[in-house]
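Scope of the values below: all heavy atoms of this structure, side chains included, with no hydrogens, waters or symmetry mates.
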Amino acid sequence: MRDPVRIGNCSGFYGDRIAAAREMVEGGAGEESIDVLCGDYLAELTMLILAKAQAKDPAGGYARTFLTQMEQVLGTCSDRGIKIVANAGGLNPAGLAVKLRELADRLGITVRVAHVEGDDLRGNLAAITPAVGEVEPVSANAYLGGWGIAEALGAGADVVVTGRVTDASLVVGPAAWWHGWERTDWDRLAGAVVAGHVIECGPQATGGNYAFLDEITDRRYPGFPIAEVAADGSSVITKHADTGGLVSVGTVTAQLLYEIAEPAYLGPDVVTHFDTTSLAQQAEHRVAITGATGSPPPETLKVALNEVGGYRNTMTMVLTGLDVEAKAAFAQQQLFDILGGSDSFAETDVRLLRFDTPDAPTNDQACAHLRITVKDTDPRKVGRAFSSAIMEIALAGYAGFHTTTPPTSESAFGVYRPAAVPRSSVTQVVVLPDGERRTIADPPTGSVPAAKVAGCTAAAPPTEPTCRAPLGAVLGARSGDKGANANIGLWARDDAGYAWACEHLTVERLRGLLGPEAAQLRVERFDLPNLRALNVVVHGLLGEGVASSARPDPQAKGLGEYLRSRIVDIPQSLLSAT
């Protein structure tokens, strides 16, 4: 039985901290050195960005910043025997592999580069369900698993780049290779999925974007996370010594809850049952993850489709002082009279954003924003014709008129659609350093079982008097996007807090706390007792995905913090405990 494999993350998205790869590789020595450097560069929006780049340059379509990082660390990784695994290949993993070989030659380094392909379905759309419509997607990618990565590493590759594999596959593949797992080692694979889910977003696991800011006493830039994955699938999450941030049960819980839905988390290699997972603080900046169970994956693979949705433009008018609502109504009337009515556009979104306070002590605190977004398939209608119309009322409209930006031009936007495809229509292929192509076999599949509930906490909810306080006084939150849906993970720091949250935060109460925009939407709540957590999914809040959403917060990143700010009746004992 081999020692745990130490997998360090150096990227949570395309555009993340460039220096993270060098810091991860050079930050540990001896036993603290990592075995594998991984990086996640792909999100739903990123695939659209890469499709636009590839349309301009067919040789592109990959994350160019990855090459910058590799120039800094490729030599050190070669010297230390550190493997590199990343999904930076995007829409062109073969092209990125070529660029890596050219980089290695220029640096005088001998490395064996492999790549994984088969996820790009743009040439094979027929099997996708729901069926692709008349608008052909600019990207169509199935989510592959980790076995192609494992095959490449087993064949001696030093660097493996992929297209659209699941984020967690960047850990599952190396762990399966390191420990020699089989495709039916469901619990081990599930444990690796959990570890991969924790470290995939970089410093979000080490104190970044963390609700309880007072717990982060080391305010330096957080060290990126490391997962030590053992042969049984359990893991320890940590970071390099003398780096900023925090690794605690809280920070790991927050990331475990990020952008998931029901506890049975479907993946291409295994269904991971998040409600069976337990966390424990093993030592300072070391959190143990145990107990994850898995079951066979479904017969279909998830597909992410991105289409060009049209063109959009947004302008924001500032309203100051008195009569804000009347001024906003007057501005809308004048603007749409000039433009021929709001229904002259395919879609119009008008939001009055109230930041103003009565008798404000400063000018800034007396301001509200009227934010107007228009969309259409005709770029001329939403371009300068729209933004210049707003400027036409500058001297003819409400008192104090000004805008946050000068007139702007239109921009293209994309529409994200989730879909599925039978495994039989997808062929995962690993291209080895010598050019050999190997087809990767699928694991056994099965029906998706109901999640195994670990059992509710034995603590009874407190019954003593309550007082009005922010929900965030007792609960942490982290939120994000899943296509059209918003996800909010909520967790308590003790059993009493969790018992109260289970009783108090009914679906209807949650819908009310989330405000008018959630009033008519489907809201689901899933309980994860092992984590003292609730996961809330708000369906349809983000419209047709981040690239299309007109919300000021299109990825729902701040939704959890908004929920924590709401004032509710909280038992006094819970407040005194914090």
Side-chain angles (χ1 to χ4, degrees), residues 311-376 381-411 413 468-472 486 511-521 538 540-543 548-559 561-568:
Y311 299 87
R312 64 186 290 170
N313 204 348
T314 298
M315 287 289 290
T316 300
M317 292 172 271
V318 181
L319 314 162
T320 307
L322 304 176
D323 307 319
V324 166
E325 292 186 2
K327 290 173 180 173
F330 183 31
Q332 289 181 66
Q333 176 201 318
Q334 285 189 308
L335 174 64
F336 289 116
D337 281 350
I338 294 170
L339 293 170
S342 60
D343 57 359
S344 64
F345 300 96
E347 184 178 339
T348 301
D349 184 89
V350 180
R351 296 172 186 260
L352 178 57
L353 308 176
R354 300 298 299 265
F355 315 122
D356 53 308
T357 59
D359 190 24
T362 66
N363 193 154
D364 291 344
Q365 291 169 281
C367 295
H369 286 176
L370 180 62
R371 186 177 186 270
I372 300 180
T373 300
V374 290
K375 298 180 182 178
D376 205 272
K381 290 171 62 176
V382 299
R384 287 302 182 99
F386 163 69
S387 57
S388 295
I390 285 183
M391 303 315 296
E392 285 187 37
I393 63 177
L395 304 181
Y398 62 84
F401 175 99
H402 60 287
T403 61
T404 58
T405 63
T408 56
S409 299
E410 77 284 353
S411 60
F413 71 90
R468 304 282 287 169
L471 183 66
R511 183 182 286 110
L513 291 172
L514 289 168
E517 66 175 345
Q520 304 302 318
L521 300 178
V538 186
L541 185 72
L542 307 180
S548 176
S549 177
R551 293 183 82 245
D553 177 16
Q555 291 180 283
K557 299 295 187 183
L559 188 63
E561 287 303 291
Y562 169 63
L563 185 59
R564 291 183 72 235
S565 75
R566 299 306 309 271
I567 306 298
V568 297

By salt bridge (Lys or Arg N to Asp or Glu O under 4.0 Å), R351 pairs with (sequence neighbours left out) D349

Are any non-hydrogen side-chain atoms of F401 and I390 less than 4.5 angstrom apart?
-> yes

Can you find a pair of side-chain heavy atoms, one from E325 and one from R354, that are under 4.5 Å apart?
-> yes

How would you list, by chain and number, every residue that makes a salt bridge (Lys or Arg N to Asp or Glu O under 4.0 Å) with R564, sequence neighbours excluded?
-> E561

Give the intermediate values and the outcome of side chain to side chain contact (heavy atoms under 4.5 Å, CB included) for residues L559 and L541.
-> CA-CA 11 Å; L559 188 63; L541 185 72; 3.6 Å; yes

Side chain to side chain donor-acceptor pair (under 3.5 Å) contacts in which one or both residues fall within residues 327-342, not counting sequence neighbours = none

Of L353, V318, V324, the residue whose pairing with C367 passes side chain to side chain contact (heavy atoms under 4.5 Å, CB included) = V318

Residues two or more places apart in sequence or in another chain: which of them pass side-chain contact (heavy atoms from CB on, under 4.5 Å) with A399?
-> none

Residues at least two apart in sequence or cross-chain that pass side-chain contact (heavy atoms from CB on, under 4.5 Å) with K375, listed by chain then number, are R312, E347, F413, S548

Those residues that, when tested against E392, pass salt bridge (Lys or Arg N to Asp or Glu O under 4.0 Å) (two or more places apart) = none

What's the verdict on side chain to side chain contact (heavy atoms under 4.5 Å, CB included) for T348 and T373, showing C-alpha distance, side-chain angles and the deciding distance?
-> CA-CA 6 Å; T348 301; T373 300; over 6 Å; no

Do N313 and T408 have side-chain N/O donor and acceptor atoms under 3.5 Å apart?
-> yes

For side chain to side chain contact (heavy atoms under 4.5 Å, CB included), just list the numbers for M315 and I372, CA-CA rounded to whole Å, side-chain angles, deciding distance to a tenth of an Å, and then say yes or no.
-> CA-CA 6 Å; M315 287 289 290; I372 300 180; 5.8 Å; no

